[in-house]
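To keep things clear, I will list the structure first and then write my remarks on it.
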Amino acid sequence: MTVRVRFAPSPTGVLHIGSVRTALFNWLFARHNNGEFCLRIEDTDKLRSTEENTQLIFKILEWLKIDWDGDPVIQSSRIERHKEVAHELVRQGKAYYCYCSPEELAIKKEECLKKGQPYKYDGKCRNLKEPLPEINPVIRLKASTIGDTSINDLVQGKVTVHNSQMDDLVLLRSDGTPTYMLSVVVDDHDMGITHVIRGDDHLTNTFRQIQIFEACSWKVPVFGHIPLIYGSDGAKLSKRHGAASAIDYMRLGYLPEAISNYLLRLGWSHGDEEIISREDAIKWFNFANVGKSPSRFDIAKLQNLNGHYIRERSNESLLEYMLPFFNFELTDRDKSRILKGMDGLKARAKTIVELVKSAMVYVQAPTSYDEKCKKYQTELHKSLLKDVANKLETGEFSCEEETLCNQVRFYADSKGVKLVEIAQAMRSALCGCLTSPSVFEIISILGVEETIKRFKKF
RNA sequence: GUCUCCUUAGUCUAGCGGUCUAGGACCUCGCCCUCUCACGGCGGUAACACGGGUUCAAAUCCCGUAGGAGACGCCA
């Protein structure tokens with residue numbers, strides 16, 4: 001049997017980073033087993049689903065190189081099929097029309113709550129013989145209430161729930177539209193899904209869904225419920241924690257390979273391996289090593305990984321990746337300067353946004369100076385800068401990084417000042433801040449003319 | 001409240017009864033490198049939730065307790 005999995009996000013909001021991990025695990029499991037990874041857009045909540053969110057799902061998956069097999073299934077296009085299944089179940093006596101009004105049920109629910117009892121639909125309409133006029137009924141499944149249902153979850157192991165916990169869930173709403181529970185089961189069956197891998201917030205739903213599978217006499221797939229991702233405070237990861245959606249991380253300048261590596265290691269491990277290539281991830285991924293306990297999202301570790309992957313990328317590919325982050329068009333001269341200085345820049349950046357910011361040195365003279373630069377604007381520093389500028393202009397000082405470094409070092413000695421004094425003054429003039437790659441490297445890339453211009457401006 | 005699940009350092013985790021004076025990574029701290037900041041190198045602090053069992057032996061198995069999470073919709 002070939003493995004066939006699905007990722008089924010709902011476009012009612014921007015794709016959550018936790019969903020991305022679910023997609024990744026599904027994808028890795030499929031690729032590891034030479035199986036298929038399908039995509040299904042669960043857009044049955046028409047009010048809240050948007051085309052924009054749907055497009056975003058495609059965009060993020062493509063960005064992360066999580067490719068899907070076949071065309072995505074749009075769940076809303078399958079509503080007629082879902083309805084048909086519900087009506088068929090009624091014909092077979094496995095489901096029934098229920099005429100209870102939402103108000104009526106709300107009252108019953110409240111009563112239960114008062115008594116401290118768990119609420120379950122009481123099955124009032126289960127054995128109704130005649131339809132009630134002038135009321136649009138819902139269709140409910142006749143759930144089995146005796147015995148228990150067990151699953152052998154890929155992650156959670158054997159989990160058993162007593163059927164007495166279950167009630168007759170709604171399959172079709174009073175307006176005739178199918179519920180999520182029904183749609184998922186019908187689609188998973190029709191798509192030939194063999195393994196349902198999803199967040200463990202669905203674990204308890206699983207038992208109700210199994211009852212639908214069984215009512216239809218369909219084969220129940222294998223389930224794997226992976227723990228959710230929480231924020232640093234242990235609460236569900238949300239905007240409150242900074243960024244919860246995948247697109248945020250993309251905009252913040254995180255590389256797709258860093259995101260995948262981070263997400264993979266969150267809740268899964270392969271011994272002491274930390275840096276894991278796609279190839280190895282496919283080779284090694286399994287559910288035996290997926291942890292059962294929820295994990296917290298740690299931005300510092302993501303940043304560390306991102307820095308690693310920035311350093312690992314070629315200078316050319318980094319430049320290309322950076323281009324959209326500039327809010328203007330770079331000239332060829334800008335590009336060539338950045339490329340030359342990239343080694344020095346990428347060792348310092350944790351995100352592409354930081355990299356772009358630091359690369360501005362090679363694009364334009366500082367427009368303002370940090371408060372800390374003031375320390376290097378004394379008369380002494382000015383005269384030192386003037387000297388260096390003159391020596392550069394006359395050609396006494398070389399424009400080659402190493403030679404210049406030695407020459408300035410020698411000059412500093414002769415003046416009886418520390419190299420750091422001159423270097424920091426130069427850095428202030430060149431970058432407008434006290435943090436940058438080697439000033440000698442910057443000068444060698446910028447050239448004499450631009451260097452002197454910035455010295456004078458400072 | 002009911003049901004289900006979880007519990008190794010601040011965080012992610014290794015560990016599947018003896019090899020654990022508990023390993024790795026991030027964070028943090030110190031040192032080295034050094035024109036700044038990084039990168040890199042070296043080193044340090046820091047954990048088996050608690051209480052009972054089982055066993056010659058328990059982080060590892062069992063039972064409680066505590067804490068945490070999720071699910072209990074005509075949302076998905």
Side-chain angles (χ1 to χ4, degrees), chain A residues 8-13 42-45 47-49 75 98 100-102 105-106 109 112-113 115-120 136 138-140 153 155-157 159-162 164-167 169-175 177 179-181 183-184 199-208 225 227-228 230 232 234-236 262 265-275 289 291-305 307 311 343-350 358 372 405 408-409 412 418-428 431 433-440:
Chain A
S10 161
T12 50
E42 304 210 325
D43 61 341
T44 48
D45 185 345
L47 243 49
R48 295 191 297 147
S49 298
Q75 192 163 56
C98 166
C100 299
S101 70
L105 296 175
K109 203 175 197 175
C112 282
L113 214 67
K115 291 185 206 156
Q117 290 171 345
Y119 169 76
K120 271 174 60 179
N136 288 329
V138 299
I139 292 181
R140 304 186 95 109
D153 195 275
V155 179
Q156 311 290 337
V159 183
T160 304
V161 164
H162 297 293
S164 59
Q165 298 295 323
M166 243 90 73
D167 65 353
L169 73 240
V170 173
L171 262 19
L172 231 53
R173 302 186 188 100
S174 55
D175 65 359
T177 58
T179 60
Y180 163 78
M181 289 291 174
S183 303
V184 168
D200 74 359
D201 47 339
H202 287 290
L203 184 61
T204 45
N205 282 338
T206 304
F207 297 91
R208 320 182 93 195
H225 289 93
L228 263 25
Y230 299 94
S232 50
K236 225 173 181 174
Y262 178 69
R265 275 291 287 102
L266 199 61
W268 176 86
S269 60
H270 184 81
D272 286 340
E273 298 291 339
E274 295 288 344
I275 304 295
N289 291 324
K292 289 181 176 186
S293 54
S295 37
R296 299 181 183 204
F297 198 88
D298 181 13
I299 197 77
K301 188 150 184 172
L302 207 211
Q303 281 183 350
N304 178 277
L305 268 174
R311 270 165 261 134
D343 285 336
L345 296 172
K346 74 182 186 185
R348 292 165 172 78
K350 292 226 183 305
S358 65
K372 289 175 186 162
C405 178
V408 173
R409 200 182 293 273
K418 284 188 170 154
L419 180 60
V420 61
E421 294 297 324
I422 302 185
Q424 285 299 64
M426 290 162 81
R427 195 180 322 275
S428 300
C431 318
C433 64
L434 295 183
T435 312
S436 81
S438 157
V439 286
F440 307 112

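We name chains A, B, ... by the order of the sequence lines, and we start the count at 1 in each one.
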- Query: Counting side-chain heavy atoms from CB outward, which of B:rC74, B:rG70, B:rA14 is closest to A:Tyr230?
  - Reply: B:rG70
- Determine: side-chain N/O of A:Asn304 to OP1/OP2 of B:rC27, distance under 4.0 Å, yes or no. yes
- Name all residues meeting the salt bridge (Lys or Arg N to Asp or Glu O under 4.0 Å) criterion together with A:Lys301; count only those two or more places apart in sequence or in a different chain, and write none if there are none. A:Glu274
- Task: If a protein heavy atom is under 4.0 Å from the base, mark B; if only from the sugar-phosphate, S; if neither, -; do that for nucleotides 29-37 of chain B going 5' to 3'.
- Result: ------BBB
- For A:Asp167, the side-chain contact (heavy atoms from CB on, under 4.5 Å) test, sequence neighbours excluded, returns A:Lys120, A:Tyr121, A:Arg208
- Message: For a quick test of reading the model: is some side-chain N or O of A:Ser295 closer than 4.0 Å to OP1 or OP2 of B:rU13?
- Response: yes
N/O contacts under 3.5 Å, protein versus nucleotides 44-47 of chain B?
none

For nucleotides 17-24 of chain B, which of its nitrogen or oxygen atoms have a protein nitrogen or oxygen under 3.5 Å away, and what is each distance?
unit_1 : atom_1 : unit_2   : atom_2 : d
B:rG23 : N2     : A:Asp272 : OD1    : 3.1
B:rG24 : N2     : A:Arg265 : NH2    : 3.2
B:rG24 : N2     : A:Glu274 : OE2    : 2.8

- The side chain of A:Lys350 lies closest to which of these nucleotides: B:rU13, B:rA38, B:rU2? B:rA38
- If you check the A:Leu266 side chain, which of B:rG70, B:rC12, B:rC74 turns out closest? B:rC12
- Item | Rounded interatomic separation in angstrom, taking CG from A:Asp343 and C1' from B:rG40 | 14 Å
Pick out the pairs of N or O atoms, protein on one side and nucleotides 4-6 of chain B on the other, that lie under 3.5 Å.
unit_1 : atom_1 : unit_2   : atom_2 : d
B:rC5  : O2'    : A:Gln156 : OE1    : 3.2
B:rC6  : OP1    : A:Lys292 : NZ     : 2.7

- Item | Phosphate OP1/OP2 of B:rG40: any A:Arg311 side-chain N/O under 4.0 Å | yes
- Message: Taking the P atom in each of B:rA47 and B:rU11, what is the distance between them to the nearest angstrom?
- Response: 12 Å
